[in-house]
Every structure is written in structure tokens, then in C-alpha cells.
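In what follows, a structure is listed as C-alpha cells, so that the remarks can point back to it.
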Amino acid sequence: METEAPHLLEKREKKERREGLPELKNAVKGKVVLRFAPNPNGPLSFGHARGIVINGNYAKEWDGKLILRFDDTDTVVKPPLPEAYQQIPEEAEWLLGFKPHRIVIASEQMPHYYEHAMLMLKKGFGYVCQCSGENFKEFRVSKTECPCRKNNVNLNLELWTKMTDGTFVPGDAVVRVKTAMDLKNPALRDWPALRIQNTAEHPHPRKSIGSKYRVWPLLDFQSAVEDKIQGVTHIIRGKDLMDSTRKQVLLYEHFGWTYPETLYWGRVKVHEWGGFSTSQMRRDIEAGLFTGWDDPRLPTLAALRNRGITANALRDFWVELGVTQKDISVPLSTLYSHNTKIIDDAAPRLAFIRQPENIKIEGEYPNDIKVEVHPNHASRGMREFDVSSKMIWIEQEDLMKSEVRLKGFANIEITGKTARVGSIERNDRRPIIHWLPESSTTNATLLMAEDGEMQHIEGKLESHSYPEGTMVQLERIGYARIIDSSTLIFTHS
RNA sequence: GCUCGUAUAGUGUAGUGGCCCAUCAUGAAGGACUCUCAUUCCUUCGACCCGGGUUCAAAUCCCGGUACGAGCACCA
């Protein structure tokens, strides 16, 4: 057979499961330019992390560049938050493990947008439209051209001046891109590119910009022009922006440019979180409903980080979800399981006694008890407990059980508030509980966000010398992050 | 209403006409290890939305239906 029909012996290779993200189309190593463009109206949320992780991963994979761009062109509906300009780059770097290669602030690029707007008017593929929003909506629905569409170049330029010099007020005029009114998709018909904002009443929060401009580009125009200026090669974004791509392609055709490759992802909902919007969170924080952007009840990156979710876990999580266009709903436990994998090996074990009950131990036993810092790493040493005072703390819930084993210590039989020590050796299958000697404990609070409520769980924490920020595992409870000498924040079980 | 998109186990995901009685992870159940309800390891469970068509062959292509989501803002 070997000689007669060798092909029959060839084992067909089983197709390998693709690892990581799908391959980028039309990508050239070293030439890929991607961008992540949040509105700096607040710090980053869980959802933003997807944009950073996916774009960042591709940038890394293709030896390309990642641009962090602030799309801060709205001063009225979603005004930017000044702190966000510092916080977002810092959060992005934490999440990525590297600094974004370039930072672009849209409000500083206004001259470019003006230049392109005027170019558009001069070349005749844009016009100043003085119809009201409602009127234009009717034109759009009925596929009829609005009268302003016939303006000649000179008139358009004249009207543009009235937009910029303050003759016109918000609502009086917008600049539209001439597409066609009979396009199948109504969303694309002569879409608006720039509008007037009342920046006297609503100045841009960045002082250097303030009330300097009245006419501001809308997302579709600003983003399109900026992508061209920055040489973006690939755009990866939510599929809610699909029509935005189509609008921008029409604009690119007018300018004679080639549109970047585009990839979309669907909506992600997290079972445990309802609808949080950045604007709403901002109001609630200002109203004192939350302690800040890092309040553990919030779905912000700052909050997750504060709770002890690692950047690595977040990256693994988003890469695993990939870039499918499906709308999905995931439980937080998926993120937690990624996090556990990353933190468990390093997390020292500590005992934390909730609702502590002080009980007396009677009988024969050694006074020095040793328990491992980490059960899988003997080299990390032992925790030492001195029980010569004969008094120990156990959880109230464990007090109800009569026969238990004190972890690393002895079997006991509890009667009321005293415990009779039996075997020092473990010689049966009775449940094991955690405990602490009366000394060498500190009073501590475990903060836990559950169902949108903050729980402050008071208890006795084993004395330790780990620095703030250390991830520990509280035996039989779960992982937690040390905030200060008397506060822990619960990460997950 | 018009337009666009998506549909694989409980939840995610691989799969682009034959390697698929369908991948991997997570989850659940059971077990091993373990002086934590942790970690690790093993076993088991479980899916191609429905109906037509094209083809020797369809999870994969086409048509219709259904469900869900998005856009039609002088928000991003």
C-alpha cells in the first residue's frame, strides 16, 4: 500500500482552530494604522475596553500604530469632561500594556475641518442648508431635493460666512454633503456634516478652545476627514456605525479618497448590568449616588480596576469574544474566570472572619500553628498563629456547626461558646473552617458590590504586611484587593 | 414606515461546499488531588432558527419566513 497508494496513508491534517482575532484584510506589516475614538465626556467604561483591546491587539500584531483620538466636537449634548483628557490615556495604557502611539484631539483639528468644509462647498458637493430639521426630514422621506441644494458656490460660501461669523444661530443652517435624495437608504440622503453650536452659552471645556468656534463638524464628517489626515488604514467599530461608514464612503468618493478597511462588532450586554450611559453616570456621581467613577457598582474601567480585575483578564475576555457582528449578552462570570486564572497563582491566602464570634478552646494542643501562605507554593512560607490566649475567632455561621476542623490546627467540638479540642491530626472528613487567634488580627471592612448595592462587611482580618493594591484570596470567601490597612474590596469568588 | 445587519450547545466562540454524527472556552453534573466553598486534573452533558432550492455533497451558496439588533439627530 505504501508504494501503490501513498496518498491514502497521508493523514489529512485536521483544521486548526483559529487562535485569537481574525486576520485583517489588506494589512501590510508595519503599515497598519488603527484608531480608537471615544468621546471624552467621561472616563472609559467596560464597553470602551473592547475598542482599545481589539484595535490595540491588531496594532501590535501587525507592527502598526494605534491612535487614541478624542472626538470632542459636541459641547452641548455630551460636553467633554476636562479630567478625561488625562485619565483616558492613562487607562488605555494600563489596559494595553503600552502607550497609544499617537493622541489626536479633534477640537484642535478644527482648521482642518473648516478647510475641508470649504473645499466641499467650492467643489460643489456640499451646500449650506437652511431648512429646519423637520422640513428636511420630509424631503428625506419623500426623496425630494430641498431648495438649498441648488445654491451656487458663491451663495454657499456667503452662507458659510454667516454660519461662522455669528449671523446665523443654531438651527438656522447646516452644511450638508450632496449625495442623492433617491438613495435606497434614507440615512444616507444628503447627510449633515457641520452644524452651529451656541458656544457662548456652552463653551468647549478646553480653555484654549472655549467659545472660539461656532460651527462644529458632526461625527461622520469629522471622523472621515480625520481618518484621512491620520492615514488610518483599518477601522474597527460597532455595527451601529455601519451607516456612518456608508455616509463616509460617499464623502470619500467626492474627495477622491479611498476608504479604509472596516470591521464591525455587535452590541454586548452584561447580564448583571443594566443600561448605564456615561452621561447618566456623570449626573449620578455629581448627585452623590456613587462615590466616584471608580465606585465598584459602576461598569467603568476605573471601577473594575479598583475591584481587582486585571488588564490581562480584560484583554483575554475581549479577544475571546472576537469581532463578530452578533449582539451578545455575557455574564460577568466569564470575565471572572479569566481573572481567576491570572491572579490565583500569585494571591497570598488570608483569613477574614465575617460576623466574628469569640470562642474559647479547651484541651491539649500546641500554641504555635502554621498555615501555608499559598497551598501550591510551599516556598512562600507559612503564616504563624499563636493560640496561647486560648481565644479564637470564627464566623458566626460556623458556630452553628458542632463538629468542625480548624484549618491547619485541630478538630473541635463546639458547645455554646467553647470548643473542645479533639484530634490534632486530621482523621475524619468533617468540614474545615477558617479561623483566627484573638491576637494578630485587625478590624477590617470588606466592600462588596452586589446587585447594585454596596455592602460593608465588618470582620476580623488576619494581620499581614502586604502593600496596598495586593490581590489576596480570603479563604472560603474569594479574591479581594487591599485598599488600605483596614479596607478590602471584594473582587469575585 | 424605509434601510442595514445578525442567527452554531445555558453563555461565548471556531468553522467560508466534502476533513463536521461540528472546535475551544465557560457553565452544569460527577470524580481525583487538596487541612479553603480556591487552584490543578479527569469524565459526562449539551448546538448548526424554520421552510424551500442549487449541488454527487450545504452549518457553509441562493430564495422566502421568523426572531433579535441597529440607522434614518443640528449626539458620539
Side-chain angles (χ1 to χ4, degrees), chain A residues 11-19 22 37-41 71-74 76-80 106 129 131-133 136-137 140-141 143 169-176 183-189 191-198 215-216 218-220 222-223 237-247 264 266-269 271 278-279 316-317 319-322 324-331 333-338 340-341 343-345 347 349 351 371-372 374-377 405-411 425-426 429-434 473-479 493:
Chain A
K11 264 199 190 152
R12 276 217 260 192
E13 288 270 320
K14 175 139 191 173
K15 234 177 222 170
E16 299 260 322
R17 183 187 152 82
R18 200 202 72 227
E19 282 291 325
N39 179 344
N41 64 338
D71 278 351
D72 57 345
T73 55
D74 181 274
V76 181
V77 184
K78 293 176 179 174
C129 174
C131 301
S132 69
F136 193 84
K137 190 175 179 179
R140 181 169 50 230
V141 172
K143 299 185 180 180
V169 297
D172 285 352
V174 297
V175 176
R176 291 188 181 282
L183 251 25
K184 259 177 73 177
N185 187 342
L188 314 184
R189 295 169 196 159
W191 54 270
L194 302 99
R195 75 345 192 149
I196 304 166
Q197 295 193 100
N198 184 343
V215 177
W216 284 82
L218 272 330
L219 169 87
D220 295 314
Q222 177 270 129
S223 180
R237 58 183 173 197
K239 67 172 182 178
D240 53 313
L241 262 19
M242 267 180 166
D243 282 345
S244 191
T245 298
R246 297 182 181 107
K247 290 182 205 173
Y264 306 94
R267 258 187 113 72
V268 172
K269 259 194 287 192
H271 291 337
T278 302
S279 319
D316 291 348
F317 173 85
V319 168
E320 183 174 70
L321 294 198
T324 63
Q325 289 186 33
K326 246 200 305 195
D327 297 319
I328 56 177
S329 181
V330 286
S333 59
T334 304
L335 176 62
Y336 294 163
S337 97
H338 283 293
T340 297
K341 284 194 177 73
I343 62 177
D344 181 76
D345 196 63
R349 271 50 175 169
V371 187
E372 290 161 314
H374 189 118
N376 303 344
H377 298 281
R405 178 169 178 80
L406 300 174
K407 183 175 158 66
F409 181 13
N411 290 350
E425 294 306 311
R426 188 181 184 205
R429 308 278 289 178
R430 68 179 66 198
I432 293 162
I433 67 167
H434 65 298
Q473 192 211 54
L474 303 178
E475 285 172 328
R476 300 211 302 148
I477 299 172
Y479 301 93
S493 53

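Atoms considered below: every heavy atom in the structure, side chains included; atoms not considered: hydrogens, waters and symmetry mates. Chain identifiers are assigned alphabetically (A, B, ...) following the order of the sequence lines, protein sequences preceding nucleic acid strands; residue numbering begins at 1 within each chain.
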Scan nucleotides 36-41 of chain B nucleotide by nucleotide, 5' to 3', and note B when protein non-hydrogen atoms come under 4.0 Å of the base, S if they reach only the sugar-phosphate, - if neither.
-> BBBB--
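Between the P atoms of B:rC62 and B:rG17, the separation comes to 12 Å (whole Å). Taking atom P on both B:rG18 and B:rA59, the two are 10 Å apart, rounded to the nearest angstrom. Spacing of C1' atoms, B:rA70 relative to B:rA76, comes out at 15 Å, to the nearest Å. On the P atoms, B:rG15 is 32 Å away from B:rU3, given to the nearest whole Å. As rounded to the nearest Å, B:rU8 and B:rA25 have C1' atoms that lie 15 Å from one another. Distance check on atom C1': B:rC21 versus B:rC48 gives 13 Å, rounded to whole Å. Taking atom P in both B:rG65 and B:rG1, one finds a spacing of 13 Å when rounded to whole Å. Across the C1' atoms, B:rA7 and B:rG51 are found 15 Å apart, a figure rounded to whole Å.
The distance from atom CZ of A:R176 to atom P of B:rC74 is 7 Å, rounded to the nearest whole Å. Atom pair A:L188:CG and B:rG71:C1' shows a separation of 9 Å (rounding to whole Å applied). Following rounding to the nearest Å, A:N411 (CG) and B:rC35 (P) show an atom-to-atom distance of 13 Å. Distance, A:K247 NZ to B:rC4 P: 15 Å, rounded to whole Å. At whole-Å resolution of the value, CD in A:E320 and C1' in B:rU13 are 7 Å apart. When the C1' atom of B:rA76 is taken as reference, atom CG of A:L218 falls 10 Å away, rounded to whole Å. What separates CG of A:L183 from P of B:rC4 is a distance of 11 Å, to the nearest Å. Per the geometry, CG belonging to A:N185 stands 10 Å off P belonging to B:rC72, to the nearest Å.
Stem list for RNA chain B (at least 3 consecutive Watson-Crick or G-U pairs, distances under 3.5 Å): B:1-7 with B:66-72, B:10-12 with B:24-26, B:27-32 with B:40-45, B:49-53 with B:61-65.
At a threshold of 4.5 Å between non-hydrogen side-chain atoms, the residues A:I433 and A:L406 count as touching. Proximity of A:F317 to A:V330: side-chain heavy atoms (C-beta onward) are separated by under 4.5 Å at one or more points. Counting heavy atoms from C-beta on, the side chains of A:M242 and A:Q325 come closer than 4.5 Å.
Base contact: A:C131 has a heavy atom under 4.0 Å from a base atom. Using a 4.0 Å heavy-atom criterion, one finds that A:T73 contacts the sugar-phosphate atoms exclusively. At a threshold of 4.0 angstrom between heavy atoms, the contacts of A:T324 are confined to the sugar-phosphate backbone, with no base atom among them. Within the 4.0 angstrom heavy-atom criterion, base atoms lie near A:L219. Within the 4.0 angstrom heavy-atom criterion, base atoms lie near A:G171. Residue-level contact check: A:S329 touches the backbone only, with heavy atoms under 4.0 Å from sugar-phosphate atoms and none from bases. Residue contacts shown for A:G322 are absent, as no nucleic acid heavy atom lies under 4.0 Å away.
A:K78 places no side-chain N or O within 3.5 Å of a backbone atom of A:N41 that could act as its donor or acceptor partner. A:R189 contributes a side-chain N or O that, together with a main-chain N or O of A:K184, makes up a donor-acceptor pair within less than 3.5 Å. Using modelled atom types, no side-chain atom of A:R476 and backbone atom of A:L474 make a donor-acceptor pair closer than 3.5 Å.
Considering only side-chain N and O atoms, A:K326 lies under 4.0 angstrom from the phosphate OP1 or OP2 of B:rU13. The side chain of A:R195 contributes an N or O atom lying less than 4.0 Å from OP1 or OP2 of B:rA76. Dashed line: the shortest gap from a side-chain N or O of A:K184 to OP1 or OP2 of B:rC4 is under 4.0 Å.
When all heavy atoms are compared, the tightest approach of A:D243 to A:N185 is OD1-ND2, 3.1 Å. Scanning all heavy atoms of the two residues, the minimum distance from A:H374 to A:A347 falls at ND1-O, 3.3 Å. Summarising the geometry of A:P170 relative to A:Q197, their closest heavy-atom pair is CG-C, 3.9 Å, with the distance given to 0.1 Å.
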For A:D220 and A:R246, what are the C-alpha separation, side-chain angles and deciding distance, and is it a salt bridge (charged side-chain N to carboxylate O under 4.0 Å, His left out)?
-> CA-CA 10 Å; A:D220 295 314; A:R246 297 182 181 107; over 6 Å; no
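Side-chain proximity of A:V174 to the nucleotides B:rC74, B:rA70, B:rU3 is greatest for B:rC74. Comparing B:rC35, B:rU3, B:rC74 by their nearest atom to the side chain of A:R405 picks out B:rC35. Nearest nucleotide to the side chain of A:R267, out of B:rC72, B:rA76, B:rG69: B:rG69. Taking every side-chain heavy atom of A:A187 into account, B:rC72 is the closest of B:rG12, B:rA76, B:rC72.
For the pair A:R18 and A:A173, both in contact range of RNA chain B, the more 5′-proximal nearest nucleotide belongs to A:R18. Nearer to the 5' terminus of RNA chain B, by closest-nucleotide assignment, is the contact made by A:R189 (compared with the other of A:R189 and A:D220).
Around CZ of A:R430, the count of heavy atoms belonging to other residues, nucleotides or ligands within 6.0 Å exceeds 12.
Side chain to side chain, A:H377 and A:D345 meet the donor-acceptor criterion of an N or O pair below 3.5 Å.
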